[in-house]
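What follows is a set of notes on a single structure, which appears directly below.
A note on names: the letters A, B, ... follow the listed sequences, proteins ahead of strands, and every chain is numbered from 1.
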2 protein chains.
Amino acid sequence: MTVKRNTWQKDAVRHALSESAGFVSAQQLHQVLHAHGSTIGLATVYRALADLLLAGDADSITSTDGQLLYRACGTSHHHHLVCRECGLTVEIDADQVEAWASGIGGANGFTDVSHTIELFGLCRGCRGL
Amino acid sequence: MTVKRNTWQKDAVRHALSESAGFVSAQQLHQVLHAHGSTIGLATVYRALADLLLAGDADSITSTDGQLLYRACGTSHHHHLVCRECGLTVEIDADQVEAWASGIGGANGFTDVSHTIELFGLCRGCRGL
DNA sequence: GACTTATTGACATTCATTATCAATAAGACT
DNA sequence: AGTCTTATTGATAATGAATGTCAATAAGTC
Ligand SMILES: [Zn+2]
Ligand SMILES: [Zn+2]
Ligand SMILES: [Zn+2]
Ligand SMILES: [Zn+2]
């Protein structure tokens, strides 16, 4: 049983992620950290983000060009409404949809049904209102 | 105005995709085509699939290891319930969720709201029933 | 402080996807 | 059928996100 160790690198990634608005890529986080004087390695950023995902402290979605984007996130299950222009993100919980999702699974003979739901739109600011 | 041309390669990809059950990767399609004697190039498979996506004749999702998976698909908007073991796929339409999705957008000041919804579960067969 | 080993980071490697570009062939027109 | 234009093809190179490697470092324990 491997014992986890706390390092300033993990804290730096967690902190940088929580400072970011909207979703960020691992590479972007690495650049931001370096811009602030950190010497953290790229591979370490990837590893720290993978840990955060497993721990449920971060969410991830796949961007249109195929790379993973991360976002700090509480432990409760929820989904996101993301502006496709500026990345502004709103957390939404969707009780109706949660119920629907598990119901549909059962109706088709499926068990252990999980789901991914992402909403994309244009926010007020990006419409120039 | 570039005029589209019809080629046996595009037909081959469309046909191979419609024969496939569940989602397939571009590389898998290329292998299947070659196994059936075709000499189509890999880049051409990618191009044909991209065209099918634009035309709305195919769906795509991102697999857990990051690659794009394609599936033949009618033109009507719908979603998928996919067995995470065998890939068995059921098309579902989700009127409640469609309404919910566009409603949530408006409630938060977003317009032009689109969404992605994927359900994953374990089908009857894969539970050994 | 000494010790064990989880973790780091520079670098190499993998691999899906895209770009290049000369060769091919679809479609239009005669 | 033949000619011409150019969209398309395919072998190959290039891109780039993500992961593997491994000696050096440092967290946690005693
Ligand atoms: Zn916006
Ligand atoms: Zn949910
Ligand atoms: Zn199954
Ligand atoms: Zn829908």
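- Put simply, the side chain of F120(A) does not reach to within 4.5 Å of the side chain of D112(B), judged on heavy atoms.
- In this structure, I61(B) and L68(B) have side chains that are not in contact, with every pair of non-hydrogen atoms separated by 4.5 Å or more.
- A ring-centre distance under 6.0 Å is not found for H79(B) and H115(A).
- Atom CG in L42(B) sits about 14 Å away from atom P in dA19(C), given to the nearest Å.
- Side-chain contact between I104(A) and L119(B) is present, with heavy atoms from C-beta onward closer than 4.5 Å.
- Contact check of residues 30-40 of chain A against DNA chain D (heavy atom, cut-off under 4.0 Å) returns no residues at all.
- You'll find the side chain of F110(B) stays beyond 4.5 Å of the side chain of L122(A), heavy atoms only.
- For the residue pair E19(A) / H36(A), no side-chain donor-acceptor distance below 3.5 Å is found, with atom types taken as modelled.
- In this structure, L29(A) atom CG and dA18(D) atom C1' are separated by 15 Å, rounded to whole Å.
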Under 3.5 Å, N/O pairs linking protein and nucleotides 20-23 of chain D:
none

Check nucleotides 12-16 of chain C against the protein and report each pair of N or O atoms closer than 3.5 Å, with its distance, or say if there are none.
none

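- Rounded to a whole Å, the CG atom of D51(B) is 14 Å from the P atom of dA7(D).
- A 4.5 Å side-chain heavy-atom check between Q27(B) and Y46(B) finds at least one atom pair inside the cut-off.
- L42(A) approaches A26(A) most closely through the heavy-atom pair CD1-O, 4.4 Å.
- At least one side-chain heavy atom of L53(B) sits less than 4.5 Å from a side-chain heavy atom of S60(B).
- Residue H15(B) places its NE2 atom among 12 or fewer non-hydrogen atoms of other residues, nucleotides or ligands, all under 6.0 Å distant.
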Please report, to 0.1 Å, the donor-acceptor pairs under 3.5 Å made by any side chain of residues 4-12 of chain A, with sequence neighbours excluded.
| unit_1 | atom_1 | unit_2 | atom_2 | d |
| --- | --- | --- | --- | --- |
| T7(A) | OG1 | K10(A) | N | 3.3 |
| K10(A) | NZ | R5(A) | O | 2.9 |

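- Taking the side chain as every heavy atom from C-beta outward, L52(B) and V13(B) approach each other to under 4.5 Å.
- The bend of the helix from dG1(C)-dC30(D) to dT30(C)-dA1(D), defined by the angle between the axes of its first five and last five pairs, stands at 40° to the nearest 10°.
- The shortest distance between the side-chain N/O atoms of T44(A) and the OP1/OP2 oxygens of dG9(C) is below 4.0 Å.
- As a whole-Å value, the separation of D65(A) CG from dT15(D) P is 17 Å.
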Decide yes or no on side-chain contact (heavy atoms from CB on, under 4.5 Å) for Y70(B) and D59(B), but give the supporting numbers first.
CA-CA 6 Å; Y70(B) 303 85; D59(B) 264 351; over 6 Å; no
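- Ring planes of H80(A) and F23(A): perpendicular class, angle over 60° (limits at 30 and 60°).
- The distance between atom CD of Q28(B) and atom P of dT17(C), rounded to the nearest whole Å, is 11 Å.
- Shortest non-hydrogen contact noted between S20(B) and L29(B) is OG-CD2, 3.9 Å.
- OP1 or OP2 of dG9(C) has at least one side-chain nitrogen or oxygen of Q9(A) nearer than 4.0 Å.
- To the nearest angstrom, P of dA26(D) lies 16 Å from CG of D11(A).
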Summarise how protein sits on nucleotides 22-30 of chain C as a single string, 5' to 3': B when a protein heavy atom is under 4.0 Å from the base, S for sugar-phosphate-only contact, - for no contact.
---BBS---
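- Projected onto DNA chain C by closest heavy-atom contact, T2(A) and V45(A) fall at different nucleotides, the more 5' of which corresponds to T2(A).
- Atoms CG (L49(B)) and C1' (dT9(D)) sit 15 Å apart, rounded to a whole Å.
- For the pair L69(A) and V24(A), the minimum side-chain heavy-atom distance is 4.5 Å or more.
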